[in-house]
Amino acid sequence: MIKKISIKTKIGWISVFEEKGKVFKIQFGKIKKQTNSLVLNAFKQKIKKFFKYQTTNINIPHKLLGNRIQKKIWNELKKINFGNTKSYGTIAKKYNISPRYVGKICGQNKLMLLVPCHRVIKSDGSLGGFTSVGGVNLKKKILEFEKKI
DNA sequence: CGCCTAACTCGGC
DNA sequence: GCCGAGTTAGGCG
C-alpha cells in the first residue's frame with residue numbers, strides 16, 4: 001500500500017511517497033489523490049520546520065532505491081551540511097568515478113531535500129543542471145533559501 | 001578570462 | 001554503438 005501527500009512550501013509544492021512506513025520518493029510538484037499516514041505526517045512537520053530554519057536535516061525512515069554506487073554517493077551527499085555545497089568533481093575523485101557519473105546519479109536521486117543533490121554544483125561555482133528533478137530554477141530557489149540563514 | 005574540446009560512466013534506444 | 005546526463009581540466013588567443 002503506497003501512500004502519498006503533497007506539501008506546500010516556499011519553493012513550491014512537494015510530494016512525498018511512502019510504503020511500509022518508509023519514504024521512498026520525494027519530488028517536486030503537486031499530486032491529486034492523497035492518503036496520509038503517520039510517517040508522512042511526521043515528514044510534513046519536518047519539512048515545515050526545515051523551511052522555517054528550525055531544523056537543518058530531515059531524517060525520516062526512508063528507503064534508498066539504487067545500486068551500490070548510487071547508495072554510496074547518496075550517503076555522501078547526506079553529509080553535506082545545510083548551506084554548504086560541494087562540486088561534482090570532489091565527490092567523483094573520492095569514489096574514483098567521473099564527475100559526469102556523479103551528475104547522472106544525482107539525477108536518479110528520488111529523495112530531493114533528504115538527499116541534498118541540490119547542494120552539488122559545478123567546480124566554477126555555477127549551478128550546473130537540475131533538469132531531471134524540476135529545473136535549474138528550482139535548484140536556485142533551494143540554494144538561495146539555504147544561503148539566507 | 002572566456003571559449004572550445006576531449007574524456008569519464010552507464011543505461012536506453 | 002551512439003547519445004545524453006546536473007562536469008572538468010587543459011589548451012589557445
Side-chain angles (χ1 to χ4, degrees), chain A residues 2-20 22-32 34 39-40 42-44 46-149:
Chain A
I2 293 173
K3 294 170 183 160
K4 49 199 187 293
I5 56 167
S6 292
I7 305 163
K8 192 176 183 175
T9 71
K10 54 170 53 173
I11 60 163
W13 284 90
I14 290 174
S15 301
V16 206
F17 299 71
E18 175 253 296
E19 184 178 27
K20 292 178 187 164
K22 292 194 175 184
V23 173
F24 68 94
K25 187 159 80 169
I26 304 167
Q27 64 177 202
F28 190 62
K30 195 181 173 184
I31 51 174
K32 286 176 189 169
Q34 303 192 17
V39 184
L40 292 179
F43 182 84
K44 193 176 187 173
K46 286 255 185 188
I47 220 74
K48 288 200 166 168
K49 276 191 182 177
F50 180 81
F51 282 106
K52 280 187 202 158
Y53 300 108
Q54 289 170 356
T55 184
T56 51
N57 70 318
I58 308 163
N59 78 21
I60 205 87
H62 61 278
K63 208 161 38 175
L64 251 36
L65 298 171
N67 59 32
R68 189 175 226 79
I69 185 71
Q70 290 176 319
K71 284 179 189 168
K72 259 198 212 169
I73 301 300
W74 292 335
N75 274 315
E76 182 69 21
L77 297 186
K78 280 196 284 185
K79 286 185 201 152
I80 308 177
N81 292 321
F82 190 90
N84 283 140
T85 52
K86 251 184 192 179
S87 83
Y88 295 100
T90 312
I91 298 167
K93 243 184 260 171
K94 189 160 182 177
Y95 291 96
N96 222 12
I97 56 178
S98 86
R100 280 274 210 181
Y101 191 30
V102 176
K104 192 187 168 87
I105 291 172
C106 289
Q108 324 241 278
N109 171 34
K110 301 221 178 342
L111 302 171
M112 65 185 271
L113 300 177
L114 204 156
V115 175
C117 52
H118 57 275
R119 291 182 197 144
V120 188
I121 57 177
K122 290 218 262 182
S123 60
D124 64 2
S126 60
L127 292 184
F130 208 57
T131 48
S132 46
V133 202
V136 184
N137 210 34
L138 174 62
K139 185 172 188 172
K140 206 156 113 191
K141 272 190 201 168
I142 304 173
L143 287 176
E144 272 170 10
F145 155 74
E146 295 193 354
K147 250 187 300 179
K148 278 186 211 154
I149 199 164

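All chains are named by letter (A, B, ...) in the order of the sequence lines, taking the proteins before the strands, and each is independently numbered beginning at 1.
The phosphate of C:dT8 (OP1 or OP2) has a side-chain N or O of A:Ser123 nearer than 4.0 angstrom. Put simply, A:Ser87 has a side-chain N or O that comes within less than 4.0 Å of OP1 or OP2 on C:dT8.
Checking B:dC8, C:dG6, C:dT8 against the side-chain heavy atoms of A:Lys122 singles out C:dT8 as nearest. Nearest to the side-chain atoms of A:Ser98 among the listed nucleotides B:dT9, C:dT8, C:dA5 stands B:dT9. Of the candidate nucleotides B:dC10, C:dG6, B:dA7, B:dC10 has the atom lying nearest to any side-chain atom of A:Lys104.
Using a 4.0 Å heavy-atom cutoff across all strands shown, A:Val102 reaches no nucleic acid atom at all. Across all strands shown, A:Gly103 has heavy atoms under 4.0 Å from sugar-phosphate atoms exclusively, and none from any base. Note on A:Val136: nothing from the nucleic acid sits closer than 4.0 angstrom, heavy atoms only.
Heavy-atom nearest nucleotides on DNA chain B were determined for A:Arg100 and for A:Gln108, and the one closer to the 5' end corresponds to A:Arg100.
Using a 4.5 Å heavy-atom threshold, the side chains of A:Leu114 and A:Phe50 count as separate.
Distance NZ (A:Lys94) to C1' (B:dT9): 20 Å, rounded to an integer number of Å. Taking atom CG of A:Asp124 as the reference point, atom P of C:dA9 lies 10 Å away to the nearest angstrom.
The aromatic ring centres of A:Phe145 and A:Tyr53 sit less than 6.0 Å apart.
Under the Watson-Crick and G-U wobble criteria, each requiring two contacts below 3.5 Å, nucleotide B:dC4 is paired to C:dG10.
Taking atom P on both nucleotides, B:dA7 is separated from C:dG6 by 23 Å, rounded to a whole Å.
With respect to the salt-bridge test (charged N to carboxylate O, under 4.0 angstrom), the residues A:Glu76 and A:Lys79 qualify.
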